[in-house]
Each structure stands twice: as structure tokens, then as C-alpha cells.
Amino acid sequence: MASLVAAAITAGLMAGLFAGFAYAVMPGLRRGGDAAFVEVMQNINVAIVNPLFMTLFMGGLAVGLAAVVTNWRSGDPAVRYWAIAGFACYVVMFLITSGANVPLNDKLAAAGDPAQIADLAAVRADFEGPWVAWNIARTLASVAALGCFSVALLRFRRTTAQSVAGQAILSS
């Protein structure tokens, strides 16, 4: 059960972070000028690579896999299936982040100091639209992972409660 709880928490934290960018950070930055947009996103992309984020982001893979492995022989096969689905959704989020958002972040960093960029509008345009679209995709994948792990957890609790109740009846 602990692995399902941990998997749900990490998926939820990732979903919340990415959703916050989708509904607050990026719309707020959209209102600003090109120089401010590029500078702030470059700074965010440096700040986000910190021990807490990396532990949660990478740890989500580990606890998601642990949720699958530890529930492989669950009394309710649906627990296993929901855990597998949650892990698959988390992997999709991880792959989107690693394969789309991070390369876009790296390209933005490579553009250099915003004060030295000749065409800030072009740099922003190359980054903003694709990054926002991929962020929404990884948000949805994270929310789906949270939902799947939560259903697995609820099914696990129900199966455990039924097992305990059945044992109580047998022992009386």
C-alpha cells in the first residue's frame, strides 16, 4: 500500500506543478514582453533543476514501478491493472518532459543572454507554443497517473477490507 500512496503523491505533485504552469505561469508570462519572457523562463529552467524536484520527478518512476511490482499478486487483479496504467501514464509524462520540454528548455538556454539576442520575438515564438502544448500533454499524463494510482489505492483498500471481514467471519 505504501508504494501506491507514494506513487499517487509523486504523480499528484508533478500534475500540480505542470498544471500551475498551464493555468498561471505561462498565461502570466504571455502578457509580458519578449525579453522578460525569455529571461524568466531561462531562470525558471535553471531553478527547477534542484534536489527536491529531481527527487520527486525521478522518484516517481521508482515508486510507480514499486507500486506495480508490490501489487503484482494483489487479491484484486484490478489493483495491478490500475497500478500498471498509473505507471504507464507517469512514464509518458517523463518521456514528454525529457523528450520535448527539456530540449526546448536547452534550446532557450543556448539562445544566450536576452540582452544579447538579436531577435527575441523569434526565440520566444520557437519556444512558447511548443513548450505550452507539451506542458499541457504532460499535465494530462500526470493527472491520469494520479487518477490511476488513486483508483488502485481505493481498490487495494476495498480488497483489504473485504479480506479482513472475511477472516473475521471465518474465525468466529
Side-chain angles (χ1 to χ4, degrees), residues 3-69 81-153:
S3 60
L4 285 172
V5 171
I9 289 170
T10 55
L13 288 169
M14 291 298 102
L17 173 67
F18 300 144
F21 268 89
Y23 62 70
V25 176
M26 298 311 286
L29 287 175
R30 187 177 327 128
R31 296 176 181 202
D34 297 333
F37 179 92
V38 171
E39 181 180 3
V40 170
M41 282 306 298
Q42 285 178 335
N43 289 333
I44 288 171
N45 293 337
V46 170
I48 195 73
V49 182
N50 63 65
L52 179 58
F53 172 77
M54 293 308 292
T55 299
L56 292 169
F57 182 64
M58 301 298 286
L61 288 172
V63 296
L65 181 58
V68 171
V69 170
Y81 302 143
W82 283 108
I84 291 169
F87 180 62
C89 291
Y90 196 93
V91 168
V92 167
M93 175 279 295
F94 185 89
L95 293 174
I96 291 169
T97 301
S98 302
N101 293 95
V102 169
L104 287 166
N105 293 347
D106 292 344
K107 185 177 175 184
L108 188 65
D113 180 356
Q116 305 300 319
I117 297 172
D119 190 356
L120 278 168
V123 169
R124 178 181 181 169
D126 288 346
F127 175 86
E128 187 175 14
W131 194 94
V132 167
W134 285 114
N135 184 63
I136 291 169
R138 70 182 177 172
T139 300
L140 294 173
S142 299
V143 170
L146 170 60
C148 292
F149 286 131
S150 296
V151 171
L153 188 56

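The main-chain N or O of Ala7 is found under 3.5 Å from a side-chain atom of Thr10 such that the two form a donor-acceptor pair. Judged by distance alone, with hydrogens and angles left aside, the side-chain atoms of Asn135 form no donor-acceptor pair with the main-chain N or O of Ala133 at under 3.5 Å. Gln42 places a side-chain N or O within donor-acceptor distance of the main-chain N or O of Gly112, the cut-off being under 3.5 Å.
Within 6.0 Å of CH2 on Trp134 lie no more than 12 heavy atoms contributed by other residues, nucleotides or ligands.
Residue Met14 comes nearest to Ser142 through the heavy atom pair CB-OG, 4.0 Å, listed as atom of the first residue, atom of the second, then distance. Nearest heavy-atom pair, Ala141 versus Cys89, reported as atom, atom and distance to 0.1 Å: O-CB, 3.5 Å. The nearest pair of heavy atoms linking Ala67 to Phe149 is CB-CE2, 4.2 Å. The minimum heavy-atom distance linking Met93 with Arg138 is given by the pair CG-O, 3.6 Å. What you find for Phe87 and Val68 is that their closest heavy atoms are CB-CG2, 3.8 Å. The two residues Ala85 and Cys148 have their closest heavy-atom pair at CB-SG, 3.7 Å.
Using a 4.5 Å heavy-atom threshold, the side chains of Leu108 and Leu104 count as separate. Counting only heavy atoms from C-beta outward, the side chains of Arg31 and Phe37 never approach each other to under 4.5 Å. Using a 4.5 Å heavy-atom threshold, the side chains of Leu153 and Trp82 count as separate. In this structure the side chain of Phe127 reaches within 4.5 angstrom of the side chain of Asn105, judged on heavy atoms. Taking 4.5 Å as the limit, some side-chain heavy atom of Ile44 sits within range of a side-chain heavy atom of Val25. Annotation: side chain of Val123 is not in contact with side chain of Asp119 (no heavy-atom distance under 4.5 Å).
Rounding to the nearest 0.5 Å places CH2 of Trp131 at 9.5 Å from CD1 of Ile136. One finds the CG atom of Leu29 at 11.5 Å from the CG atom of Asp34 (value rounded to the nearest 0.5 Å). Arg124 contributes atom CZ, which lies 9.0 Å from atom CZ of Arg30 (distance to the nearest 0.5 angstrom). Separating the CD1 atom in Ile96 from the OG1 atom in Thr139 is a distance of 9.0 Å, to the nearest 0.5 Å. The CD1 atom of Ile48 sits 5.0 Å away from atom CZ of Phe53, with the distance rounded to the nearest 0.5 Å. For the atom pair Leu56 CG and Leu61 CG, the distance stands at 12.0 Å (nearest 0.5 Å).
The ring of Phe94 has its center closer than 6.0 angstrom to the ring center of Phe57.
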